[in-house]
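What's counted below: heavy atoms across the whole structure, side chains too, no hydrogens, waters or symmetry copies. This one's a predicted model, so the numbers in the text were calculated from it and none came from an experiment.
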Amino acid sequence: MSAESERSSPGPADDAGASAARNADPTHADPTPSSAPSTGATSAASTSSGAASAPSPPSRGSAPTPNSGAAEGGTGSARPDAEAVSTGGADGAVSTGGADGAGSTGGADEPGSTGGADEPGSTGGASGTAADTAPDSRPRRPAADTAPSSHTPAPDTAPSPHGSAPDGASAGGAGPELLRMEGVRKTFPGVIALDGVDFDLRPGEVHVLLGENGAGKSTLIKMVSGAHRPDGGRILVDGEPVRINSAQDAERLGIATIYQEFNLVPDLTVAENIFLGRQPRRFGMIDRKAMDARAAELLARVGVDVPPRTRVGDLGIARLQMVEIAKALSLEARVLIMDEPTAVLTTEEVDKLFRIVRTLRADGVGVVFITHHLEEIAALGDRVTVLRDGRSVAQVPASTDRDELVRLMVGRSIEQQYPRERGGAGEPLLKVRGLTRNGSFQDIGFEVRAGEVVGLAGLVGAGRTEVVRALFGADPYDAGSVEVLGRPLPGHDVVAAMRAGIGLVPEDRKGQGLVLDGSVQENLGLVTLRAATRAGLVDRAAQRRSAAGVAERLAVRMAGLDQRVRTLSGGNQQKVVIGKWLLADSKVLILDEPTRGIDVGAKVEIYRLINELTASGHAVLMISSDLPEVLGMSDRVLVMAQGRIAGELTAHDATQDAVMALAVKDVKDADEGVGGKEREGSRGH
């Protein structure tokens, strides 16, 4: 297949979930740059930015919720060339593994919204079962100066539309470019995901990629990592035009990616996940001793105390993220792409990660860093490229003012980050008394009143998520009582909780809150499906009218109600999760990490929705690892420590120092082992 035909096609591997085995190295493209027309709007390839980097500022100090959504997965098969292909779900996205280095190509977040939705990709579950049959060694990427190529390197002196960085710019980024993307275009049915985007990365720099959900960030990095092929434009590595058709191609070129959605196999150990498809061998057998020793070194490097033989499914979210980082470090890549790596980390863990990134930068590694935490940009970045609606709209120094970054990102100014509208509290809607589950939490008691937002803060392992799952009936408890509107609620009964008026937006929206292969309409109608059924038949017309109304109210950016939820951006997916509970008219809405991985504009929309709910007499119980969010949106703050309520603060008295003082409080009987599984953390900014 010619370069032109390959780029003008969406690629059968992306759509059919199967990839033909390639005997030759596919990473180098034909000498002639592709001029294939995009299926969307066409535009001439723009020249890459040559801006020098800006100065680097100093560092800043269980069981799933019952849901009809099935977990995604894939089936692996051994092949003569030891390349395993995982077909993930009905979407047909591809995850490749095997001797060349197993690994899923990314989260299952494809575009499809009319507003330039983002994040297409494969389902996250890499099977990798063929890995144990892989040969003793894997092909290594050739060194940049010896790579076989018949192509003329792209000029490094291309004019920059952005100008140069100010005097005193960081030394990071000196020398030839590691990576360049010129006029890259990508379309999906009904949407132009990327329209002529330029991006470049130099050795020894952290280049931040910034934009709203749906701007095209994840689509861009998935082209570099081999999950998708561009419809137009070209990608260059070390000045050479390349085709990156798989995760193995990316690895051979020295590119590693840490995705926002975890790509780990729950039933394998930590060490097996880190070296999936690349296990060290001795006499043809996997050398588990060597693998565990190397894994222990990597885990120590990222500062996480987890035995290498720990089953991944037993870890909390924060530790899963650190295992993903260790996995990427094991590849010793020259280009490291990090998609929202700090979203689930505490302040201490973020600081550890930043130290690792700075060390990699000093060693000449180029880092592409995606974040929605704007304060991290100045703390770590050198340059920032801003995407909006699938286009690169600006490249600025990382020291750029926060308000200007927001304006560039969303196209407007946001005057108030936490627009909480506080009113008077009404009658108690939720009462919890002496709630206890041995080993997780003990003697939990509080009330949530109509018209108020109660924040639940705490450190990793405090037990916050375990408490709200027990309230919702997803997990059992051993003692205590729960009342809704004065009526006792039976324990461990999700249906009873829903009927009583409790709704739960879980922290893992994809795994526990959505049916990814279902449509927007189907997901919005999940909770009200029983109520819309008469004589065994669902009133689909009424369901559609209701779904259309709530989608319009929440401003869900989509091609239509029949669009699959997996193809929405993260912010719009979260709106759908919240929307199904709005249709159910839940009196008490529990929000567990409601804005994780969501851009600043979508966050404000969710905050305004919270205001609407409380103004209409509903109540909100909110868990968030973003401490400023808890302080800015809560009327009262309950602080948990070691499985107990350590204290309560009013909105007036709640400060970061006051919350953290309670969060580290030495609670009585803490040495009895009370404390939840590590699922959450708190971070102050």
Enumerate the residue pairs fulfilling ring-ring contact (aromatic ring centres under 6.0 Å, His included) with a member in residues 605-652, sequence neighbours excluded, ordered by first and then second residue.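 As it turns out, the ring-ring contact (aromatic ring centres under 6.0 Å, His included) pairs with a partner in residues 605-652, which skip direct neighbours, are Tyr418-Tyr607.
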
Could you state the interatomic distance from [atom1] ([X]) to [atom2] ([Y]), rounded to the nearest 0.5 Å?
X: Glu452; Y: Leu429; atom1: CD; atom2: CG; result: 8.5 Å
X: Ile623; Y: Asp592; atom1: CD1; atom2: CG; result: 4.0 Å
X: Gln573; Y: Ile598; atom1: CD; atom2: CD1; result: 9.5 Å
X: Met409; Y: Glu404; atom1: CE; atom2: CD; result: 11.5 Å
X: Glu349; Y: Ile325; atom1: CD; atom2: CD1; result: 9.0 Å
X: Leu485; Y: Ile502; atom1: CG; atom2: CD1; result: 9.5 Å

[Y] side chain reached by [X] side chain, heavy atoms, under 4.5 Å:
X: Phe441; Y: Arg464; answer: no
X: Thr269; Y: Asn273; answer: no
X: Val630; Y: Val659; answer: no

Tell me every residue that passes side-chain contact (heavy atoms from CB on, under 4.5 Å) with Ser586, counting only those two or more places apart in sequence or in another chain. Trp581, Ala584

Sorted by chain and residue number, the side-chain contact (heavy atoms from CB on, under 4.5 Å) partners of Thr359 (sequence neighbours excluded) come out as Asp363

Side chain to side chain donor-acceptor pair (under 3.5 Å) for His373 and Thr342? Distances and angles first, verdict last. CA-CA 9 Å; His373 295 287; Thr342 66; 4.6 Å; no

Salt bridge (Lys or Arg N to Asp or Glu O under 4.0 Å): which pairs involve residues 416-429, sequence neighbours left out?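 Applying salt bridge (Lys or Arg N to Asp or Glu O under 4.0 Å) to every pair that reaches into residues 416-429, excluding sequence neighbours, yields Arg420-Asp635, Arg422-Asp635.
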
Considering only distance and modelled atom types, tabulate donor-acceptor pairs under 3.5 Å from the side chains of residues 294-304, sequence neighbours left out.
residue: Arg294; atom: NH1; partner: Glu297; partner atom: OE1; Å: 3.2

Steps toward salt bridge (Lys or Arg N to Asp or Glu O under 4.0 Å) verdict (Arg361, Glu205): CA-CA 6 Å; Arg361 177 169 59 187; Glu205 77 163 343; over 6 Å; no

Would you say Asp478 and Thr436 are linked by a side-chain donor-acceptor pair, where the criterion is simply a distance under 3.5 Å?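 Checked: Thr436/Asp478 side chains show no N/O donor-acceptor pair below 3.5 Å.
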
Pro506 pairs by side-chain contact (heavy atoms from CB on, under 4.5 Å) with which of Leu514, Val577, Thr465? Val577

With sequence neighbours excluded, residues passing side chain to side chain donor-acceptor pair (under 3.5 Å) with Asp401: none

Main chain of Glu212, side chain of Lys217: is a donor-acceptor contact present, judged purely on distance under 3.5 Å?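 Checking the backbone N and O of Glu212 against the side chain of Lys217, a donor-acceptor pair under 3.5 Å is found.
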
Under 3.5 Å, side chain of Arg437 to main-chain N/O of Gln442, donor-acceptor pair present? no

Working note: Ser624 + Glu629, criterion side chain to side chain donor-acceptor pair (under 3.5 Å); need CA distance, chi angles, decisive distance, verdict. CA-CA 7 Å; Ser624 177; Glu629 178 177 74; 2.5 Å; yes

Any idea which heavy atoms bring Leu489 and Tyr477 closest together, and the distance?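 That would be O-OH, 3.9 Å.
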
Looking at every non-hydrogen atom in both residues, tell me the closest pair between Ala497 and Leu471 and how far apart they are. CB-O, 4.4 Å

State whether Glu447 and Arg449 are salt-bridged, where the test is any N-O pair (Lys NZ or Arg NE/NH1/NH2 against Asp/Glu carboxylate O) under 4.0 Å. yes

Show the numbers, then the answer: is there a side chain to side chain donor-acceptor pair (under 3.5 Å) between Thr257 and Asp339? CA-CA 8 Å; Thr257 304; Asp339 189 359; over 6 Å; no

